[in-house]
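The structure appears below as structure tokens.
Below, chains carry the letters A, B, ... as their sequence lines are ordered, and counting in each starts from 1.
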Protein chains: 4
Amino acid sequence: MGIAERKEREKEARRGEILEAAEKVFFEKGLNQATMDEIAAEAELGKSTLYLYYRSKEDLYLAVMMRGSEVMFRLFMEATSTGEPTLKLIRNLGDAYYEFFKKHRNYFRMYYFFESPDLHTQVSDEMKAACFRNDEKIWGLVIGLIRKAIAEKVFRDDIDPQQTAVILWANANGLMRQMDRMEPYWRDAMKIDLDATLRRANTFVLQGMMTDKAKKQFAGLFE
Amino acid sequence: MGIAERKEREKEARRGEILEAAEKVFFEKGLNQATMDEIAAEAELGKSTLYLYYRSKEDLYLAVMMRGSEVMFRLFMEATSTGEPTLKLIRNLGDAYYEFFKKHRNYFRMYYFFESPDLHTQVSDEMKAACFRNDEKIWGLVIGLIRKAIAEKVFRDDIDPQQTAVILWANANGLMRQMDRMEPYWRDAMKIDLDATLRRANTFVLQGMMTDKAKKQFAGLFE
Amino acid sequence: MGIAERKEREKEARRGEILEAAEKVFFEKGLNQATMDEIAAEAELGKSTLYLYYRSKEDLYLAVMMRGSEVMFRLFMEATSTGEPTLKLIRNLGDAYYEFFKKHRNYFRMYYFFESPDLHTQVSDEMKAACFRNDEKIWGLVIGLIRKAIAEKVFRDDIDPQQTAVILWANANGLMRQMDRMEPYWRDAMKIDLDATLRRANTFVLQGMMTDKAKKQFAGLFE
Amino acid sequence: MGIAERKEREKEARRGEILEAAEKVFFEKGLNQATMDEIAAEAELGKSTLYLYYRSKEDLYLAVMMRGSEVMFRLFMEATSTGEPTLKLIRNLGDAYYEFFKKHRNYFRMYYFFESPDLHTQVSDEMKAACFRNDEKIWGLVIGLIRKAIAEKVFRDDIDPQQTAVILWANANGLMRQMDRMEPYWRDAMKIDLDATLRRANTFVLQGMMTDKAKKQFAGLFE
DNA sequence: TATGAATGAGGTTTCATTCAT
DNA sequence: AATGAATGAAACCTCATTCAT
């Protein structure tokens, strides 16, 4: 009975090695500049072997990206498991995303691709589904928290949880994208404090969502 | 006296024709799927002629994108030339951007490329500079308006105009990106009203920036 | 044990097929008029496959040319392995070269390229080295024979073997070049007997190199 | 009447300027590496203007080459106008050719092209005819001299003048070609004295052509 | 006459992907 | 399962030549 399992384990190990190699190359070169040849060399495998494990370069790219998603998910889980009040947890979520941005910039950048529909020409349906599941998991976490905040009357009850989640995410993500491209320019030429900008934007949006009661209650959170 | 000028005009016309053809192909296929051969065929020119006018496919792509920038700039100019109060003008700006998103989706999508630094491998310095100038022009318009709002005590004086501009833009842009990808899903499966979402998010952010006095004065604007 | 070897053999076979196709096209069209596309079509391979085996069109051209060198070398070997006296062998060498010229005109003509340094712009160092080795092999054979003739006092001992080899070769080659271009004109308009011309020129040069003793001894050779 | 003539003169002058520019570029780069653009730039003319004066790049190349022919012809004329005995004049001819080789190497090298039939694809019939006339003029001079030598019983009367001319030329030319390519190698690695080699080869051939009487008479010429 | 622009052809290169073993 | 080889597509580039003014 052990043989099939060992085979399976070995196969998984090999997938992991390939992923490792791909990650290294994609981080260094980006999707376009990275070549399958280079990844194969890095993995010490023949180029065609990569195709036994991943259907296309884009699939491989997304597989690496999903590792990033997992990292992000873990950060989100930790940030929301502190037992603090819901509003604080939502604030924590923003901080966790910012931490992901700062500490895992390479993963963060991979989402550029994910967000450019034009580029996806070779993504397999399996991979699309896997990405979608991953995405859902994260959205689920965020939306659940917002629902809780509404239930607790911290957020107004005339807002839609999904809509709200998207606003929060888009606000943070849009800014971080911009920061990623302009970081040196902003910091050096324009003297903008990036951390403060992000926090302020988040504050704006959150306050828009909060009930008046909650605003008074949690005033200290936004100083 | 006219010959040199006519030549110049014709050359410009030819650049325009190429751009027209490129636009058509890029809109249909996207950057990667579009080929120079196809653009040349569409323009009824030899492929090498394209290279007389644009140094690379990416340059050509950006040239088309800059047409989009101009469209956007015109929309922005119109939106801010109505003689209305500054805050309304800023609101108009958001609406104008949304209009750009809805009516010129193809141009909107081209910015994906612009925002993915990894993809730029063949962009000439001239084109980079041209894009930068274009960008500056639009930012200048927005930032100018924000300065005016601060001077008029509509916006708080403890916010930074550039920072504020970026927050406004990132908020709208991040959402529209998301909408672009998820539009059918959101509308059909999740019943989210996209227009309302965007407007609401903008309201949140604007209100965060406004002085208390302005909030009372312009309460009607946000209903 | 056989797999690697079979692979090797197949690869060699493929190189051979490419060479065969290239030869056909080069013979028909010459270096400039031949296109890689045509060669690829002839070989029933993709154009990029050609570049897996040869680094440039010029390399491929020289590879074909070297086949000619081998043919020539074989003719030279046969001509000098008859067991006849050294002088006769040297005479045979001239005849063999003439035979090469007549029977392998296409190969002969390829040397035009080899001899025009201006034309070599894409020749790889490997190919240059290979050509050089080939060249050396042939010169070695000729020079060896001349040394023998000197040792046997058939050739004067005040001549330099290398110098002598070059004179013999240049004399024959220069004439054959001329013949190649002017053959119809000479034969038809000027009634020059080409075989006789070549033989006579060779006689002149050989006699200049021979000792008086040898001249008497081998007088019959030159009638 | 003067206008047409002035026009004609100006046109000739322009042809000359183009030739001058082409010569400079061809000397530096050779036929293949030289571009019409570069020649046009050198001539300070538009590229298409070149085509008003010469039908193709190859025509232009040959026009430059013919300037070389004229230089050679002048050298040959001088060498044969000294009033010395015919055999000496023939010897002088060889020296003159060698002088041409040494002093006008750039022109000498242009003949590589002339001698490679494969390369002539764009030569106009006019230019071919002009080259042919030029060629004839030089051959005429040489053959005339040989006829004279035969008439004076310096050369044997069983040799054909044309055949003899070709042998003399091919012998010298073949050697100089070889020298041109191998000069550094021969001089440095093989210690061959090039001048001596050439002279010796010429001696061999000349002696083969001479009558016994002449050999005695002109023995001093070959020491 | 002069020319800027256009062009077609083809060499070179790079790569993701596929194929045959 | 692993891989070396093949390949097609396309970008990029260069240039002689032609065209329209």
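A cation-pi arrangement, defined by a distance under 6.0 Å to the six-membered ring centre and an angle within 45 degrees of its axis, is present between A:R181 and B:F114. Taking the ring centre of A:Y54 as origin, the terminal cationic atom of A:R15 falls inside the region bounded by 6.0 Å and 45° from the ring axis.
Counting to the nearest Å, the P atom of F:dG8 and the CG atom of B:D37 are 17 Å from each other. Between the CG atom of C:L31 and the P atom of E:dG11 there is a distance of 9 Å, given to the nearest Å. In this structure, B:M36 places its CE atom 15 Å from P of E:dG8, rounding to the nearest Å. In this structure, CG of B:L60 is placed 15 Å from C1' of F:dA10, rounded to the nearest angstrom. Distance, C:N32 CG to F:dT14 C1': 14 Å, rounded to whole Å. Taking atom CZ of residue C:R9 and atom P of nucleotide F:dG4, one finds them 18 Å apart after rounding to whole Å. As a whole-Å value, the separation of C:E12 CD from F:dG4 C1' is 15 Å. We find that CG of D:L50 is positioned 11 Å from P of E:dA2, with the value rounded to whole Å.
Within 4.0 Å (heavy atoms only), B:Q122 reaches sugar-phosphate atoms of the nucleic acid but no base atom. At a threshold of 4.0 angstrom between heavy atoms, the contacts of B:A34 are confined to the sugar-phosphate backbone, with no base atom among them. Within 4.0 Å of A:R55, counting heavy atoms only, lies no atom of the nucleic acid at all. Among the atoms of the strands shown, only primed sugar atoms or phosphate atoms (P, OP1, OP2) are found under 4.0 Å from some heavy atom of A:T35.
The distance from the CE atom of B:M110 to the CZ atom of B:F27 is 6.0 Å, given to the nearest 0.5 Å.
With a cut-off of 3.5 Å on both pairing distances, the Watson-Crick or G-U wobble partner of E:dT13 is F:dA10. Pairing of E:dT21, defined by two Watson-Crick or G-U wobble distances under 3.5 Å, is identified with F:dA2.
Applying the 4.0 Å criterion to OP1 and OP2 of F:dA6, one finds that C:Y53 has a side-chain N or O inside that range. In this structure, C:K47 does not reach the E:dT12 phosphate: none of its side-chain N or O atoms is under 4.0 Å from OP1 or OP2.
Of all nucleotides listed (E:dT17, F:dT3, F:dA11), F:dT3 comes nearest to the side chain of A:L52. The nucleotide whose nearest atom lies closest to any side-chain atom of B:K11 is, among E:dA5, F:dA16, E:dT1, E:dA5. The side chain of C:R14 approaches F:dA6 more closely than any other nucleotide in the set E:dA16, F:dA16, F:dA6. The side chain of A:Y51 has E:dT17 as its nearest neighbour among E:dA2, F:dA1, E:dT17.
Along DNA chain E, the nucleotide closest to B:E44 and the one closest to C:K57 are compared, and the more 5′ of them pairs with B:E44.
One N or O donor and one acceptor, one from the side chain of D:S48 and one from the base of E:dG4, sit under 3.5 Å apart.
Using a 4.0 Å cut-off between a side-chain N of Lys or Arg and a carboxylate O of Asp or Glu, D:R67 and D:E20 qualify as a salt bridge. Using a 4.0 Å cut-off between charged side-chain N and carboxylate O, A:R14 and A:E17 make a salt bridge.
Checking A:Q122 against A:Y61 by side-chain atom types alone, no donor-acceptor pair falls below 3.5 Å.
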